Amino acid sequence: MAAPILTLAPEGLYCPAGDFHIDPMRPVPRALITHGHADHAGAGHGAVMATPETLAIMALRYGEGFARSQQIAGLGETVQVGGASVSFHPAGHVLGSAQIAVTQGSEKIVVSGDYKRAADPTCLPFELVACDIFITEATFGLPIFHHPAAAAEVAKLLESVAMFPERTHLIGAYSLGKAQRLAALIRQAGWDRPLYIHGAMDKLMGFYAAQGVALGEVIKVADTGRAKLPGEIVLCPPSSVGDAWSRRFADPVACFASGWMRTRARARQRGVELPLIVSDHADWAELTATIRETGCREVWVTHGEADALVHWAGTQGIGAMPLHMLGYGDEDEAVDQTVQPA
Amino acid sequence: MNRFAELLDRLAYEPSRNGKLRLLAHYFRTTGDPDRGYALAALTGALSFTNAKPALIRGLIAERVDPVLFGLSYDYVGDLSETVALLWPAANVPAQNDTDRRNAERNTLSDIVETLAATGKVQLPRTIALLLDRLDEKGRWALLKLITGGLRIGVSARLAKTALATLRDCEVNEIEDIWPGLSPPYLPLFAWLDGHGERPASDTAAQFRTPMLAHAIEDKDFAALDPADHVAEWKWDGIRVQAAAGVGADGIRIARLYSRTGEDVSAAFPDLIDMLVDARFGDAALDGELLILRDGRVQSFSVLQQRLNRKTVSAKLLLDYPAHIRAYDLLYDNGEDLRPLPFAERRKRLEAFVARATNERLDLSPRIAFASWDELAAARADPRSAGAGEDAEAVEGVMLKRADGPYLPGRPKGQWWKWKRDPFVLDAVLMYAQRGHGKRSSFYSDYTFGLWRKGSAGDEIVPVGKAYFGFTDDELKQLDRYVRDHTTNRFGPVREVAATVDEGLVLEVAFEGVQRSTRHKSGVAMRFPRISRIRWDKPSRDADKLETLEGLIAVSE
Ligand SMILES: [Zn+2]
Ligand SMILES: [Zn+2]
């Protein structure tokens, strides 16, 4: 067998033929980045190649000089990087998110990054890429995880708002992706009052709106003259829901939008009163369907609930290997790096 | 079924009583018959069908899901019903034709309850599997909780009835009055609540009557009260109960024991039910204190606790902890509602009743003789020499009742007063703080405090208790700030604060008693501890010692 296309280096996945890393967790000379979440897109690399949206998000986060040079990856275009050819394909995770396919000779590997198959009005849908080896995450890699239709969860939210018109509904939602997807879904459900946001979300909300995502009127909590915002919907980073910041609102209903809300113990542990099961990651059915549909011979599992997925692949006659990569996580459970004191 | 499941979910997540009431009322208002009636029955524990054992559920899922995937999932979720609800392979076909739609309609709570009621033990696994096939995750979860008897969602029967009362804007007592004559799915009740139907007749046999409660008396209240208008009794440190007996519509004698909130606790006290069911007790309802008596002497509350919360009531338990009722009021006697009568009149009837019943498990709560408030204060300070004798240690204060007052449900003003013995107080040091729930979820509002003791490496502070009330909203803010500024360690929602000889916050803790406990590191447990004062001024080294608290065990037991 020829030299492997990708190996596991201390910094993350590495392609010897092209001399680049994918989503490295430490600064490297050349990095290909799947999407803008902090656990995938770090600062301080030499050269960075990513979709235009991901590059823009990194610039918003880390400043224009986040890397020495930047190269735009056009979706579906094949580019030669050293001895490997590389192409980017939509992953359906957040705005600008992409899977990265690396081909060497007749062998193709797809690094999917984070992805989902469910519809999302804020980003392009996942594109299936046939491959020999498929690299997947397994954040929700247990058969108990099936994310219901996001529209139904938003309907549940609006029903609660109608039932408690004197209270503020305070929704913890990750600042990049989740918050904008929720805002867009709330608009699709017909809510036409302004949406209120925590100051830490302002930049990314503005960026999504500028990219043409319909978010309607969005007002920073700090900018409103109204004191307690009864009957209104407020979006904030997950960590702010139980924070001193939340005390300004009218008897707030603590909501959290995350795939973790599937299990009741998890929701209760976080003090959530209204759990909204909305996830930007694939659930069990999406993970297993995707692995099957890629026609891959082998699946590598980067992180998450790898045991169940590896076991399942075995029962399907697909080779499977857990990579146990530390450092990747799920953004809902991570400390939201965009949070500044409001 | 889904609406019911959603209600259960929201109730489980909702911390406030008011929020729970709103959710319940909304459900009863917007759900049709007979579904809402069966939901009410499920919430008040009035549903009965063959319960399924966890092994049955495990067997069903083992036939459908890979055992490794089940094991990993169960480890993650930690709750069998929830794991199975999530893993159950869904049919997942949207309603296409009339047959599908009819099947979907059959997924109502009432349909499921009726199906289960008609199912015997042998067909149970198959029936459950068929039902699970028809339901979605939420519905499956609710069904599994129902049939395994694990419906614990923090809703009392009283709360459900209070929510019902809002439908008609009536008093909850009106519902309580007619409740014993009703059964699932409560169609006449809902018709009446909706305003198109007669008020259901009340079956008075052994029914619960909402008890009359007392206000705590304060020093300033005495000036407006005349001792001559009042009767005083000891306030016993037991459990308030209502004992009722009578002849049901079917001619069979029934007897029930209720807690203060109307929960039927008869099953835990067969010794008392034996007395009530005896014909000498007649058709009556009395109000009194449940106590444990040994050789005629009242035992402490910690002894009574041994008798409570037991799954099974063994013969040995009955023998070692004989239950007793010390009666202080008579509400109903052979067809006559005594509640409109003045207290003095009811008391005479009660005395006659206890004499007639002649049972060693029943006696009369004695009156305290007094002519002035000073005399009563002296009795309260020293119950032993004021008539309580050997039972003085089970006295937690005195009760004061207007002699001419009727028996009114709830907590009417100016009728009954409780004058509690002063609480114990100690100065303790704050050790840990935990985030609260609901409105308090952004505050560190649950405090663990400790006292000094000699350790192997010098003086150390050992935790003795936890308190989460007693302070004002302003004090809560100050405490929250203090915790955030003095955190030395974090464990999830808990913060550890500095507590040493040189640094630490002293809290004055008030409590009602103390007893030995093997579950606490300190070996003692306080009753009803609360923060009575924040001692910003007091250095932590001057806080009290564990031995002081241990010294109170004898006094309080
Ligand atoms: Zn991500
Ligand atoms: Zn990630």
Side-chain angles (χ1 to χ4, degrees), chain A residues 140-148 152 156 159-160 162-167 170 239-256 260-275 277 283-285 288 305-312 314-316, chain B residues 2 6 8-16 18-19 22-23 25-27 29-30 61 64-79 81-90 92 136-138 141 145 153 435-444 477 480-481 484 492-493:
Chain A
F140 296 111
L142 279 173
I144 53 156
F145 289 110
H146 38 94
H147 309 323
K156 197 164 83 179
E159 194 185 327
S160 176
M163 203 190 310
F164 295 103
E166 75 290 2
R167 301 176 70 181
L170 188 57
S239 58
S240 300
V241 174
D243 205 51
W245 179 80
S246 70
R247 290 178 204 161
R248 73 191 63 201
F249 301 109
D251 189 10
V253 179
C255 319
F256 184 28
W260 296 119
M261 296 298 98
R262 179 84 263 182
T263 62
R264 292 168 171 86
R266 194 75 170 245
R268 225 163 283 140
Q269 185 188 20
R270 289 195 66 127
V272 172
E273 286 166 69
L274 182 63
I277 310 168
D283 66 9
W284 176 259
T288 52
E305 300 290 333
D307 293 353
L309 203 57
V310 167
H311 170 80
W312 171 84
T315 65
Q316 306 292 307
Chain B
N2 268 9
E6 244 148 60
L8 293 184
D9 247 351
R10 283 299 306 257
L11 286 171
Y13 291 124
E14 175 60 52
S16 88
N18 250 331
R22 291 270 290 281
L23 290 166
H26 178 79
Y27 175 86
R29 206 170 285 132
T30 56
I61 197 72
R64 288 162 176 82
V65 174
D66 177 308
V68 175
L69 294 180
F70 171 76
L72 289 166
S73 298
Y74 188 27
D75 277 353
Y76 181 89
V77 178
D79 177 278
S81 297
E82 192 173 349
T83 310
V84 172
L86 288 166
L87 285 179
W88 194 267
N92 244 344
D136 66 4
E137 184 275 328
K138 259 192 176 56
W141 173 74
K145 285 284 168 196
I153 40 165
R435 279 189 194 227
H437 292 282
K439 276 192 203 320
R440 282 182 172 185
S441 58
S442 71
F443 289 95
Y444 285 90
K477 280 186 196 150
D480 177 70
R481 175 93 340 259
R484 289 172 192 272

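We use all heavy atoms of the structure for the numbers below, so side chains are in, but hydrogens, waters and symmetry mates are not. Just so it is clear, the model here is predicted, and its values are computed rather than measured. Sequence lines set the chain letters: A, B, ... in the order given, protein chains first and strands last, and positions in each chain run from 1.
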So R262(A) and L86(B), side-chain contact (heavy atoms from CB on, under 4.5 Å) or not? Walk me through it.
CA-CA 9 Å; R262(A) 179 84 263 182; L86(B) 288 166; 3.3 Å; yes

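- Checking side-chain atoms of R435(B) against main-chain N and O of G271(A) turns up no donor-acceptor pair under 3.5 Å.
- Between atom CG of residue L142(A) and atom CG of residue L87(B) there is a gap of 8.5 Å, rounded to the nearest 0.5 Å.
- We find the CG-NE2 distance between D66(B) and H311(A) to be 3.5 Å, quoted to the nearest 0.5 Å.
- Scanning all heavy atoms of the two residues, the minimum distance from E273(A) to Y13(B) falls at O-CB, 3.1 Å.
- Comment: E159(A) does not engage R10(B) in a salt bridge, judged by the lack of any side-chain N to carboxylate O separation of less than 4.0 angstrom.
- For a residue to count as touching a neighbouring chain, one of its non-hydrogen atoms must lie under 4.5 Å from one of that chain's; by this rule S160(A) touches chain B with backbone and side chain alike.
- Rounded to the nearest 0.5 Å, atoms CG (D480(B)) and CZ (R247(A)) are 4.5 Å apart.
- Aromatic ring orientation, F145(A) versus Y76(B): perpendicular (interplanar angle above 60°, classes split at 30° and 60°).
- The shortest distance between side-chain heavy atoms of W284(A) and L69(B) falls below 4.5 Å.
- Heavy atoms closer than 4.5 Å to chain B are found in both the backbone and the side chain of T263(A).
- Electrostatic pairing of E137(B) and R264(A) counts as a salt bridge here, judged by a charged N lying under 4.0 Å from a carboxylate O.
- For a residue to count as touching a neighbouring chain, one of its non-hydrogen atoms must lie under 4.5 Å from one of that chain's; by this rule P148(A) does not touch chain B.
- Residues that satisfy the ring pair (Phe, Tyr, Trp, His ring centres under 6.0 Å) test with F249(A), not counting sequence neighbours, are W245(A).
- Contacts between V272(A) and chain B at a heavy-atom distance below 4.5 Å involve the backbone alone (N, CA, C, O).
- Within the 4.5 angstrom heavy-atom criterion, no atom of A254(A) approaches chain B.
- With sequence neighbours left out, F70(B) forms a ring pair (Phe, Tyr, Trp, His ring centres under 6.0 Å) with Y74(B).
- A salt bridge links R167(A) with E14(B); the closest basic N to acidic carboxylate O contact falls under 4.0 Å.
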Hey, mind stepping through K156(A) and D9(B) against side-chain contact (heavy atoms from CB on, under 4.5 Å) and telling me if it holds?
CA-CA 12 Å; K156(A) 197 164 83 179; D9(B) 247 351; over 6 Å; no

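- Of all heavy-atom pairs spanning A244(A) and S442(B), the tightest one is N-CB, 4.3 Å.
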